[in-house]
Structure formats: structure tokens, C-alpha cells
Trainee: 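Take this structure, written in C-alpha cells, and hold onto it; I'll ask about it next.
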Amino acid sequence: MDEDLAARLAAVRDRIAGACAAAGRDPREVRLLLAVKTQPVGAILAALDAGAGLLGHNRAQELVATGPALAAPGVPRHEMHFIGRLQTNKVNPVLRWATCVESVDSARLAERLDRAVAAGTGAGEGPPGPLDVLVQVNTSGEVTKAGVAPRGAAGLAAVVAALPHLRLGGFMTVGARSTDPDVVRRSFDLLAEVRAEVLASGRPGTAGATALSMGMSGDLEAAVAAGATIVRVGTAVFGERATVLGERAQGTR
């Protein structure tokens with residue numbers, strides 16, 4: 001086991017526990033997702049050995065490249081989410097490995113995912129079941145960020161919820177890029193407001209839309225205070241990201 005990585009993972013869990021205590025929440029309500037962007041297979045396996053159980057890829061090509069090694073016999077059981085921008089032509093390879101897509105930001109993508117699941121594309125063995133998805137919302141209004149605008153989030157959620165092969169699990173956002181903690185916190189509070197609106201709508205298929213995936217290494221405390229149920233952390237556990245594709249493709253258990 002990589003002791004340094006294990007120590008960093010434990011430190012992030014301590015941060016989550018501390019944030020939950022400050023917010024009066026049960027730490028069991030918050031899942032830690034390790035964002036493995038650009039990480040070599042060896043580092044990802046080390047994280048699994050250290051007890052990580054939920055991973056997230058935001059690049060389709062990296063998910064496909066690491067998928068076989070992470071599915072090999074003896075690798076600890078884990079769940080894989082896709083958390084990045086997903087082009088419709090990459091849906092099939094992504095669904096080969098991911099059990100949840102957190103970055104659904106359009107009806108077009110949702111419908112493409114629904115058709116892929118109906119056609120039998122998906123992770124795991126046996127008949128395909130509904131694919132868990134989150135609606136990504138751009139709560140900061142920053143043009144560099146993906147996601148549906150908050151005013152359109154409830155409508156998109158209703159579209160997703162009506163598709164027979166998708167299961168609406170909640171919402172995702174990337175916090176505001178700001179040094180003002182109030183601005184960052186507002187971007188998280190806005191996602192919680194979107195969730196409340198959708199849950200209150202009573203529309204079919206929306207009752208289970210309780211997840212809030214928000215908060216990363218630098219702002220997870222604010223996200224937990226605002227109600228996050230998933231925090232996505234990469235740098236705080238893995239350190240600075242690798243940049244060489246060849247290095248990312250390497251790694252042994």
C-alpha cells in the first residue's frame with residue numbers, strides 16, 4: 001500500500017467528518033468520490049487498496065484505457081462514475097465501464113444514453129438496468145463551465161426522469177471559481193435549491209433525485225455545509241496531476 005496516499009485519503013475523510021460535524025450532519029451522508037483524471041493505473045489501484053470505493057473519470061479515453069486493469073481479478077470492488085463532459089459519440093465506450101453519469105446537461109445527451117442502455121450497452125453482467133444519472137447544473141454562471149442553467153434544470157430533470165432506461169439520482173455542479181467564500185457557498189446553495197424544487201414538483205421519476213455532487217479539494221467544506229452528498233476530490237489525495245498520456249496508461253497492481 002502507498003502509505004503517503006493512504007494518509008492523504010485519511011486526511012480528506014477527516015476533513016469531511018469535520019465539515020459534517022460543523023454542519024450538524026452525519027458523515028455517513030457524504031460519499032467521497034476520488035477524481036482520477038490523468039492518474040496512472042498504479043495510483044488508482046493504490047487508492048482502492050487504501051479503501052476507496054467510489055471513483056470518477058472525466059475523460060472518456062482515460063476511462064476506456066484504465067477500465068480493463070480496474071476490472072481485473074483481485075482488484076477491490078468499487079463503483080465508477082463519469083463526471084466530465086460527455087460527447088454523444090463516446091456514450092457506448094463510457095457505459096462499458098461507468099455505472100453513473102453525473103454530467104447530463106442536455107435532453108439530447110439524456111436521450112442518447114437512454115437509447116444506449118436500451119440497446120444493451122452498460123457495465124456489469126446480465127440484462128441492463130436503468131442507468132443512474134445526475135443533471136449537471138451551471139450554478140456559477142461561468143461560461144467555461146458545463147451544465148444547464150439553473151432556470152432550466154427542473155425541466156431537464158423532468159425529461160430525464162421520464163426516460164425509461166435512466167434513473168434520476170440528483171444533481172451535480174462545479175463550485176464558483178472565486179476567492180470570496182460567500183460566492184462559492186452561493187453556487188452550492190443554488191444546487192440545493194434546484195433539488196428542492198424538483199423534489200417538491202412531484203413529477204414521476206423525481207422522488208429519488210436526492211444526490212448533490214458538489215465540492216472538490218479546495219471547497220468541500222462549503223459544499224458539505226450546503227448539503228453535498230458526494231464530494232469529488234482528486235488533488236488532495238493524488239497530488240498534482242500527471243500530464244503524459246503514456247504515464248497514465250502504465251501501472252501495475
Side-chain angles (χ1 to χ4, degrees), residues 33 35-37 54-67 79-124 127-175 187 190-191 193-195 197-199 201 203-214 216 228-230 232:
L33 179 152
V36 297
K37 178 180 179 180
L54 177 59
L55 306 178
H57 265 292
N58 68 351
R59 293 179 177 174
Q61 64 269 33
E62 292 178 7
L63 173 59
V64 172
T66 59
E79 184 178 350
M80 179 65 74
H81 289 194
F82 189 78
I83 60 176
R85 291 188 179 185
L86 179 56
Q87 298 175 335
T88 55
N89 64 344
K90 298 293 179 64
V91 161
N92 284 353
V94 162
L95 294 191
R96 173 68 180 83
W97 305 106
T99 59
C100 175
V101 175
E102 294 196 9
S103 49
V104 174
D105 61 359
S106 70
R108 178 172 178 262
L109 176 58
E111 290 161 357
R112 177 67 184 87
L113 288 166
D114 184 72
R115 292 196 301 272
V117 178
T121 302
L131 173 71
D132 290 323
V133 301
L134 306 185
V135 168
Q136 183 173 0
V137 186
N138 184 347
T139 58
S140 69
E142 297 167 19
V143 297
T144 57
K145 289 186 169 69
V148 63
R151 64 180 178 275
L156 178 56
V159 170
V160 171
L163 292 169
H165 302 98
L166 302 185
R167 180 165 48 225
L168 179 65
F171 304 88
M172 184 267 267
T173 197
V174 178
S187 68
L190 187 51
L191 194 70
E193 292 169 12
V194 166
R195 178 182 66 177
E197 176 187 356
V198 170
L199 291 176
S201 73
R203 289 176 172 172
T206 62
T210 57
L212 293 177
S213 178
M214 57 189 188
M216 297 187 286
T229 63
I230 300 172
R232 308 182 306 275

Trainee: Please list, chain by chain and in numerical order, all residues satisfying salt bridge (charged side-chain N to carboxylate O under 4.0 Å, His left out) with R167, sequence neighbours excluded.
Mentor: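 Only D132 meet the salt bridge (charged side-chain N to carboxylate O under 4.0 Å, His left out) criterion with R167.
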Trainee: May I have the step-by-step check of side chain to side chain contact (heavy atoms under 4.5 Å, CB included) for N92 and R112, ending in yes or no?
Mentor: CA-CA 9 Å; N92 284 353; R112 177 67 184 87; 3.5 Å; yes
Trainee: Going by side-chain hydrogen bond (donor to acceptor under 3.5 Å, both in side chains), name the residues that satisfy it together with E79, two or more places apart in sequence or in a different chain.
Mentor: R31, H81
Trainee: Say you draw a straight line from CD of Q136 to CG of L156; how long is it, rounded to the nearest 0.5 Å?
Mentor: 10.5 Å
Trainee: Distance check, rounded to the nearest 0.5 Å: D105 atom CG versus N138 atom CG?
Mentor: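 Result: 9.5 Å between the selected atoms.
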Trainee: At what distance, to the nearest 0.5 angstrom, does SG of C100 lie from CE of M80?
Mentor: 12.0 Å
Trainee: What's the shortest heavy-atom distance between L95 and A116, and which atoms?
Mentor: CD1-CB, 3.8 Å
Trainee: Short question: side chain of S140, backbone of G175 - any donor-acceptor pair under 3.5 Å?
Mentor: no
Trainee: Enumerate the residue pairs fulfilling side-chain hydrogen bond (donor to acceptor under 3.5 Å, both in side chains) with a member in residues 155-165, sequence neighbours excluded, ordered by first and then second residue.
Mentor: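 Qualifying pairs: D114-H165.
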Trainee: Between M214 and M172, is a side chain to side chain contact (heavy atoms under 4.5 Å, CB included) present by the stated rule, with each step listed?
Mentor: CA-CA 6 Å; M214 57 189 188; M172 184 267 267; over 6 Å; no
Trainee: Working to the nearest 0.5 angstrom, can you tell me the gap between L134 CG and L168 CG?
Mentor: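 So the CG of L134 and the CG of L168 are separated by 7.5 Å.
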Trainee: With sequence neighbours excluded, tell me which residues meet side-chain hydrogen bond (donor to acceptor under 3.5 Å, both in side chains) with R195.
Mentor: none
Trainee: Among residues at least two apart in sequence or on other chains, which ones pass side-chain contact (heavy atoms from CB on, under 4.5 Å) with M216?
Mentor: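 With sequence neighbours excluded, M216 shows a side-chain contact (heavy atoms from CB on, under 4.5 Å) to V174, D219, R232, given in chain and number order.
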Trainee: Tell me the salt bridge (charged side-chain N to carboxylate O under 4.0 Å, His left out) pairs involving residues 147-166, sequence neighbours left out?
Mentor: none
Trainee: Please enumerate all residues that pass side-chain hydrogen bond (donor to acceptor under 3.5 Å, both in side chains) together with T139, with sequence neighbours excluded.
Mentor: T173
Trainee: Taking side-chain contact (heavy atoms from CB on, under 4.5 Å) as the definition, give me every residue that meets it alongside R203, ordered by chain and number, with sequence neighbours left out.
Mentor: A158, S201, T206
Trainee: Can you name the closest pair of heavy atoms from S103 and L109 and give their distance?
Mentor: O-CD2, 3.7 Å
Trainee: What heavy-atom pair brings L63 and A98 nearest, and what distance separates the two atoms?
Mentor: CD2-CB, 4.3 Å
Trainee: Hey, are the side chains of L33 and L55 touching, using non-hydrogen atoms and a 4.5 Å cut-off?
Mentor: no
Trainee: For the pair T66 and H57, evaluate side chain to side chain contact (heavy atoms under 4.5 Å, CB included) and give the outcome as yes or no after the intermediate values.
Mentor: CA-CA 10 Å; T66 59; H57 265 292; 3.0 Å; yes
Trainee: Looking only at non-hydrogen atoms, find the nearest pair between A157 and V135 and report the distance.
Mentor: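 Scanning both residues, the minimum pair turns out to be CA-CG2, 4.1 Å.
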Trainee: Kindly compute the distance separating CD (E62) from CZ (F82), expressed to the nearest 0.5 Å.
Mentor: 9.5 Å
Trainee: For the CZ atom of F171 and the OG1 atom of T229, what is their distance to the nearest 0.5 Å?
Mentor: 11.0 Å
Trainee: Compare every heavy atom of P130 with every heavy atom of L166, then report the nearest pair and how far apart it is.
Mentor: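 It is C-CB, 4.3 Å.
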Trainee: Grab the two heavy atoms, one from I83 and one from A35, that are nearest each other, plus how far apart they are.
Mentor: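 Heavy-atom minimum between the residues: CD1-CB, 4.1 Å.
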Trainee: Could you tell me which residues satisfy salt bridge (charged side-chain N to carboxylate O under 4.0 Å, His left out) with K145, sequence neighbours excluded, listed by chain and number?
Mentor: E142
Trainee: I'd like to check the side-chain contact (heavy atoms from CB on, under 4.5 Å) partners of A162; sequence neighbours left out, ordered by chain and number.
Mentor: none
Trainee: Quick one, R59 with K37, criterion side chain to side chain contact (heavy atoms under 4.5 Å, CB included). Give me CA distance, side-chain angles, the key distance, then yes/no.
Mentor: CA-CA 7 Å; R59 293 179 177 174; K37 178 180 179 180; 3.1 Å; yes
Trainee: Under the side-chain contact (heavy atoms from CB on, under 4.5 Å) test, which residues partner A153, sequence neighbours left out?
Mentor: V137, V148, V194
